Amino acid sequence: MPELPEVETVRRALERHAAGLTVESVRGHAVQLRRPLDLARLRRRLPGRRLSGFRRRGKFLLADLDPPGALLVHLGMSGRLLLCDPAAPLLPHTHLVASLGPALELRFVDPRRFGLVDWLGPGAETRDPSLSELGIEPLDERAVHELPPLLHARRAPLKALLLDQRLVAGVGNIYAAEALWRAGLRPTRPGHRTALPRLERLVEEMQAVLGEAVDQGGTTIRDFASPEGNFGDFAVRLQAYGHGGEPCPRCGEPFIDDRLGGRSTVWCRRCQR
DNA sequence: CCAGTATCCTGCAGGC
DNA sequence: TGCCTGCAGGATACTG
């Protein structure tokens, strides 16, 4: 479900409503997520710690705690973090609930269980395999200079490269499709067969579409919502993703909807080359 | 090392 | 109506 703009939307909501609060208690079930949810450890570590701030790295969310430590969260395909009144009914597949005082709970809900919630002790962040292998932050200035040559050095299709979190961390299936359409590049085009100026354009378009989506609070396709329950407003601005078979807004040619690397891939045969 | 595929899991839409 | 199949915004363990 969530790519960089959706995770950033979640981060900002938590910063607004949960920063400064202290975790009083934790409950849930030790289910198998992408990593096993170690409820016993979370119950040992979290209570009494204050949420000092929230950071994002790629599609990962980091809740900084004081005394030091951090909670690592990934939303996978269907994960949600919700800020709720404690009296509100639990949604199905609520795996973890942290009480933040008498009037507020932070809940992690994830039907498909591709997400994760994990404790990171002081210093564990640099050693965590998921975090340490992440590539460039796509909205960072560095991406403009460093990403084009990295893409140019690889033979894989551009779309697969944009989705590779070790190269650039935060782009998923929606925004990869949008960036490639905006840049006029075929998703199947091999990186090393793409001229550097075109790769620079791709990075610019990637930054533009991610930035606009962040400004709109992300994209809600089926069920994304911020922790306050707001839906993202960017879906109406998607011009390629989800528009297979419809005419390309730029040239009128019907969009192709095929599969690349097991993911649905919408693109325009006429203006993406 | 690199590229491509299979796999984890539930919910839902569409075809019959 | 009900059953079946395939697909969904992701990451990663495999294979060759």
Side-chain angles (χ1 to χ4, degrees), chain A residues 1-10 29-37 56-61 72-81 91-95 108-118 128-135 138 150-181 187-193 206 209-210 213-214 216-226 231-245 257-266:
Chain A
M1 174 209 308
E3 306 182 30
L4 182 151
E6 292 73 41
V7 178
E8 178 62 20
T9 298
V10 171
H29 324 274
V31 291
Q32 185 67 36
L33 302 177
R34 203 168 85 221
R35 297 178 192 177
L37 180 63
R56 181 191 56 72
R57 178 75 177 95
K59 301 174 194 172
F60 286 87
L61 191 68
L72 178 67
V73 178
H74 195 289
L75 301 177
M77 291 278 251
S78 60
R80 298 173 64 177
L81 281 173
L91 288 175
H93 308 288
T94 298
H95 305 307
F108 176 76
V109 182
D110 185 7
R112 293 181 67 184
R113 295 192 240 142
F114 290 167
L116 75 88
V117 179
D118 205 2
D128 188 279
S130 300
L131 290 175
S132 62
E133 306 218 331
L134 287 178
L150 288 176
L151 298 171
H152 195 66
R154 302 281 296 267
R155 315 173 83 94
L158 288 175
K159 174 142 183 273
L161 297 175
L162 289 179
L163 294 177
D164 186 341
Q165 304 297 299
R166 294 166 302 185
L167 285 176
V168 54
V171 179
N173 208 32
I174 292 180
Y175 300 107
E178 293 301 306
L180 287 161
W181 179 78
T188 52
R189 175 182 276 278
H192 73 120
R193 301 279 310 273
M206 171 196 76
V209 70
L210 291 173
V214 168
Q216 296 298 309
T219 299
T220 298
I221 296 291
R222 38 193 334 127
D223 57 4
F224 170 73
S226 75
F231 299 115
D233 292 328
F234 196 71
V236 293
R237 307 251 202 124
L238 296 176
Q239 302 190 82
Y241 182 88
H243 293 284
D257 187 356
D258 57 26
R259 298 192 76 73
L260 201 161
R263 317 292 303 274
S264 89
T265 301
V266 175

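What you see below is based on every heavy atom in this structure, not just the backbone, and it leaves out hydrogens, waters and symmetry mates. Quantities reported herein were computed from a predicted structural model and do not represent experimental measurements. Chain naming here is simple, since letters A, B, ... match the order of the sequence lines and numbering starts at 1 in each.
The two atoms that bring A:P187 and A:P157 nearest to each other are O-CB, 3.4 Å, heavy atoms only. Looking at every heavy atom in both residues, A:T9 comes nearest to A:G217 through OG1-C, 3.2 Å. In this structure, A:L4 and A:A169 approach most closely via the heavy-atom pair CD1-O, 4.1 Å.
Annotation: side chain of A:S130 is in contact with side chain of A:R35 (closest heavy-atom distance under 4.5 Å). Taking the side chain as every heavy atom from C-beta outward, A:F234 and A:V214 never approach each other to under 4.5 Å. Side-chain atoms of A:M206 and A:V168, non-hydrogen and from C-beta on, do get closer than 4.5 Å to each other.
Atom CE in A:M77 sits roughly 8 Å away from atom P in C:dA8 (whole-Å rounding). Computed from coordinates, the A:L4 CG to C:dG10 P distance equals 11 Å when rounded to whole Å. A straight line from CD of A:E133 to C1' of B:dC2 spans 14 Å, rounded to a whole angstrom. Between the NZ atom of A:K159 and the P atom of B:dG4 there is a distance of 13 Å, given to the nearest Å. Counting to the nearest Å, the P atom of C:dG10 and the CG atom of A:D223 are 13 Å from each other. The separation between A:L151 atom CG and B:dC2 atom P is 13 Å, rounded to whole Å. With rounding to whole Å, A:Q32 atom CD is found 15 Å from B:dT10 atom C1'. Here the C1' atom of nucleotide C:dA11 and the CG atom of A:L162 are 16 Å apart, to the nearest Å.
Not one side-chain nitrogen or oxygen of A:H93 sits closer than 4.0 Å to the OP1 or OP2 atom of B:dC9. Proximity of A:S264 to the phosphate of C:dA8: a side-chain N or O atom is located under 4.0 Å from OP1 or OP2. Within the structure, every side-chain polar atom (N or O) of A:R34 is placed at least 4.0 Å from both OP1 and OP2 of C:dG10. Regarding contacts with the backbone of B:dC2, every side-chain N or O of A:R154 stays at 4.0 angstrom or more from both OP1 and OP2. Contact annotation: A:R113 reaches the phosphate of B:dT10 (side-chain N/O to OP1 or OP2, under 4.0 Å).
The aromatic rings of A:H74 and A:F60 lie perpendicular to each other, with more than 60° between the two planes, well past the 30° mark.
Closest contact between the side chain of A:F114 and the listed nucleotides B:dC8, C:dC7, B:dG4 involves B:dC8. When each of C:dA8, B:dG11, B:dG4 is scored by its nearest atom to the side-chain atoms of A:Y241, the top-ranked nucleotide is C:dA8. Of the candidates C:dA8, B:dG4, C:dA11, B:dG4 carries the atom nearest the A:P157 side chain, counting heavy atoms from C-beta on.
Here A:G172 lies in heavy-atom contact (under 4.0 Å) with sugar-phosphate atoms only. Counting any heavy atom pair closer than 4.0 Å across all strands shown, A:R166 reaches no nucleic acid atom. Note on A:Q165: only backbone sugar-phosphate atoms sit closer than 4.0 angstrom, heavy atoms only; bases stay farther off.
A side-chain hydrogen bond (donor to acceptor under 3.5 Å, both in side chains) with A:N173 holds for exactly one of A:E178, A:E3, A:K159; it is A:K159.
A donor and an acceptor atom never sit less than 3.5 Å apart when one is taken from the side chain of A:R263 and the other from the base of C:dA8.
Stem analysis of DNA chain C (at least three stacked-register Watson-Crick or G-U pairs, each with both distances under 3.5 Å) gives B:2-8 with C:10-16, B:10-16 with C:2-8.
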